[in-house]
*Asks:* 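Encoded as structure tokens, here's the structure I'll be asking about.
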Amino acid sequence: MNIQIRNLRKKLGLTQIDFAKRVGVGLRFLRELERGKTTIRLDKLNQVLDFLGFHLELTRNENIKPSSRVEI
């Protein structure tokens with residue numbers, strides 16, 4: 001996903017700084033996202049995806065019994 005976001009940003013002709021400002025996320029977050037950091041805030045990811053016209057949806061697998069610990 002990180003390469004796709006970078007490519008879409010570049011197609012819009014926006015620098016990382018301009019993109020981060022327009023989306024409303026920090027430059028550090030955007031840089032980490034584009035580099036493929038594995039732990040990111042989903043609310044900020046959704047801001048980026050929304051700006052690009054995408055939507056992230058999480059669904060629960062009904063075949064898996066929930067445990068006391070949930071990892072996403």
*Asks:* May I have the step-by-step check of side-chain contact (heavy atoms from CB on, under 4.5 Å) for I5 and L8, ending in yes or no?
*Replies:* CA-CA 5 Å; I5 290 173; L8 290 168; 5.5 Å; no

*Asks:* At what distance, to the nearest 0.5 angstrom, does CG of L49 lie from CD of Q4?
*Replies:* 10.0 Å

*Asks:* Determine whether L27 and V23 fall in the same hydrophobic cluster, where Ile, Leu, Val, Met, Phe, Trp and Tyr are linked whenever their side-chain heavy atoms lie under 4.5 Å apart.
*Replies:*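 No: no chain of side-chain contacts under 4.5 Å links L27 to V23.
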
*Asks:* Using a 4.5 Å cut-off on heavy atoms from C-beta on, say whether the side chain of F29 contacts that of V48.
*Replies:* yes

*Asks:* Does some side-chain heavy atom of L58 sit less than 4.5 Å from a side-chain heavy atom of L42?
*Replies:*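 A side-chain contact under 4.5 Å exists here.
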
*Asks:* Less than 4.5 Å apart, side chain to side chain, heavy atoms only: is that true for R9 and L52?
*Replies:* no

*Asks:* Identify the two heavy atoms, one from E34 and one from R6, that lie closest to each other, and give their separation to 0.1 Å.
*Replies:* O-NH2, 2.5 Å

*Asks:* Please collect all side-chain hydrogen bond (donor to acceptor under 3.5 Å, both in side chains) contacts where either partner lies in residues 42-58, sequence neighbours excluded, each pair once.
*Replies:*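 Output for this query lists R41-D43.
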
*Asks:* Nearest 0.5 Å, what's the NZ-CD1 distance between K10 and I3?
*Replies:*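 Atom-to-atom, K10:NZ and I3:CD1 are 10.5 Å apart.
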
*Asks:* Taking all non-hydrogen atoms of both residues into account, name the closest pair between D18 and T15 and its distance.
*Replies:* N-OG1, 3.0 Å

